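Since the structure comes first, as structure tokens, the remarks are kept for the end.
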Amino acid sequence: FKQKTAYEITYGDWSSDVCSSDLRAIQTSNLMGDFLMKKLSVNRRTVLKGSTAAGVALSMPTFFHSKAYAANFTNAPTGSSVTLGFNVPQTGAYADEGGDELRAYKLAVKHINGEGDGGMLNTIKPLSLKGNGILGKKVAYVTGDTQTKSDAARASAKRMIEKDGALMITGGSSSGVAVAVQGLCQEAGVIFMAGLTHSNDTTGKDKKRNGFRHFFNAYMSGAALAPVLEKSYGKDRNAYHLTADYTWGWTQEESIKNSTEAIGWNTVNAVRTPLGAGDFSQYITPVLNSGADVLILNHYGKDMINSLTQAVQFGLRDKVVNGKDFTIVVPLYSRLMAQGAGKNVKGIYGSTNWHWSLQDAGSKAFVKSFGQEYGFPPSQAAHTCYVQTIMYADACERAGTFNPCGVVESLEGHKFDGAGNGATEYRADDHQCFKDVLVVKGNENPTSQFDILEVVEVTPRSQVEYDPKIFGGNLGACNAGKA
């Protein structure tokens, strides 16, 4: 696998061709078709006697589905458009990620509505979207600021649902936010397509029937990273963890500890740090005399930029401990974080959900579209949010309804390809997405400001799969809410 060494984009103009129609006629036809089929299947004699009824049944529209969903559900659309809610951190420790998420959401809406070059609509297979919105309705959107705080995120999502009529909520760069908003959406009867959330809990103990996650999780990071770390640093290592003190940090620490201890590493200590701490010096100083020869930073966003930068400033990477060169590991990387940390990331291993240098058709199409729109390559957060918006829209199209329960049924167990990372599945048991996972390393010789991470291994899906029962939880029943 060879990473691209330069990033080139070409700008162009495109025209919009959007058409819309009312879904009510389709819903009525589906309900009538289901009614007729039940009546006509009472017995064979009934069918033979009712030539007129048989004629009606044979002339049922091609969009007839085996199950008709009620037209009475939360924010059921009645006009020519539908509204999606994009709930991202526009302020706080993860604001950089939130900004890229919002860019991707806006691009996805353009493509769904038939604007631009179509991006991944040209590569994802199977796909039922036609470039005329969702079920003929133009897609509109509202935005909110989660502030990287659970309470603020819930309040923002609640406003979108109750005041703006959002049918689906998506976004966030914090697992604490994701878990909180997913619970709200389950209660309200709308779909939640999680944004950037890496905690095992999101599709584990806190999973909900109305929620789905495209992003990978902490278990997968550990499973992908451990073999690479063993090959690079050996079995005899002593690790010290600094961990963001909330659900994501806890589960990542647990997963990385389990994976590294399985290859022979010893965990010296694990210390929790507050989200958005800024100054990590008081947490880094004890590492110097701990006997550890590896520092594992379970931090993300600006916290990772700050803690890594300060660890390097403290001279950790220049130390020799236990006869070994001291090293640092960042289990969850993003291009935005790496760019913020600059030269400090050189040679440091981590994992990522996706990277703009991938050469599959879907990744190349998305990178081209995003680059034309914004002038720089997308992050893994942007990729995740773009794909999840497309998959929600496609699920509605395939189900023939916006009813959340129809969308859930359409997404559960759905398999597709062409979105990057190879063959992909939204597992029905826990609504976790499974695909290949990338192990990356800070590029020693970057060719541009975007060429910060180097993909060193594409870990196959089979290596990161697990029994859904290990993280507990219960999906419960689908909730379609009420009109």
Side-chain angles (χ1 to χ4, degrees), residues 93 218 221-222 224-245 249-250 252-334 337-352 439-446 452-454 456-457:
S221 285
L225 268 174
V228 176
L229 295 177
E230 180 182 6
K231 183 178 180 181
S232 298
Y233 302 126
K235 296 175 178 291
D236 183 22
R237 282 285 186 166
N238 295 288
Y240 192 113
H241 290 252
L242 292 183
T243 300
D245 193 12
W250 306 333
Q252 177 165 285
E253 177 191 292
E254 177 186 38
S255 294
I256 301 302
K257 283 171 63 176
N258 289 344
S259 296
T260 54
E261 288 174 2
I263 62 173
W265 287 24
N266 173 52
T267 301
V268 174
N269 201 359
V271 178
R272 304 288 168 82
T273 63
L275 183 63
D279 182 2
F280 290 90
S281 58
Q282 63 177 307
Y283 302 104
I284 296 172
T285 301
V287 180
L288 296 170
N289 300 311
S290 66
D293 46 49
V294 178
L295 173 61
I296 297 178
L297 294 175
N298 299 306
H299 291 154
Y300 197 74
K302 292 178 182 176
D303 281 359
M304 174 271 179
I305 295 172
N306 291 331
S307 63
L308 175 60
T309 300
Q310 291 163 28
V312 172
Q313 290 172 344
F314 269 69
L316 286 181
R317 298 193 73 181
D318 300 324
K319 290 175 65 65
V320 174
V321 181
N322 305 322
K324 304 177 182 67
D325 291 337
F326 195 98
T327 193
I328 300 173
V329 177
V330 177
L332 179 60
Y333 252 136
S334 84
M337 287 163 38
Q339 195 170 329
K343 64 182 181 181
N344 295 319
V345 304
K346 289 185 176 184
I348 292 180
Y349 285 103
S351 67
T352 189
V439 176
V440 295
K441 181 174 71 170
N443 202 335
E444 298 281 5
N445 299 293
I452 307 298
L453 296 176
E454 172 190 4
V456 296
E457 183 166 310

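Just so it is clear, the model here is predicted, and its values are computed rather than measured.
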With [X], which residues qualify under side-chain contact (heavy atoms from CB on, under 4.5 Å), at least two apart?
X: A292; value: Y240, V268, S290
X: T243; value: H241, E253, R272, N298
X: D236; value: K324

4.5 Å side-chain heavy-atom contact, [X] and [Y]:
X: L225; Y: S259; result: no
X: L295; Y: L316; result: yes
X: Y349; Y: V456; result: yes
X: V329; Y: P331; result: yes
X: K346; Y: P446; result: yes

(request) Return yes if some donor-acceptor pair links the side-chain N/O of D293 with the main-chain N/O of N238 below 3.5 Å, else return no. (result) yes
(message) Quick check against the 3.5 Å criterion: does T260 have a side-chain atom that pairs as donor or acceptor with the backbone of K257?
(response) yes
(request) Could you list all the ring-ring contact (aromatic ring centres under 6.0 Å, His included) pairs where at least one residue sits in residues 313-332, not counting sequence neighbours? (result) none
(request) Using the ring-ring contact (aromatic ring centres under 6.0 Å, His included) rule, collect all pairs that involve residues 253-305, keeping only residues at least two apart or in two chains. (result) Y94-Y300, F280-H299
(request) Work out which heavy atom in I452 is nearest to a heavy atom in A338; give both atom names and the distance. (result) CG2-CB, 3.4 Å
(request) Applying side chain to side chain contact (heavy atoms under 4.5 Å, CB included) between L242 and each of D303, N269, L297, report the one that passes. (result) L297
(request) Please list, chain by chain and in numerical order, all residues satisfying side chain to side chain donor-acceptor pair (under 3.5 Å) with T267, sequence neighbours excluded. (result) E261
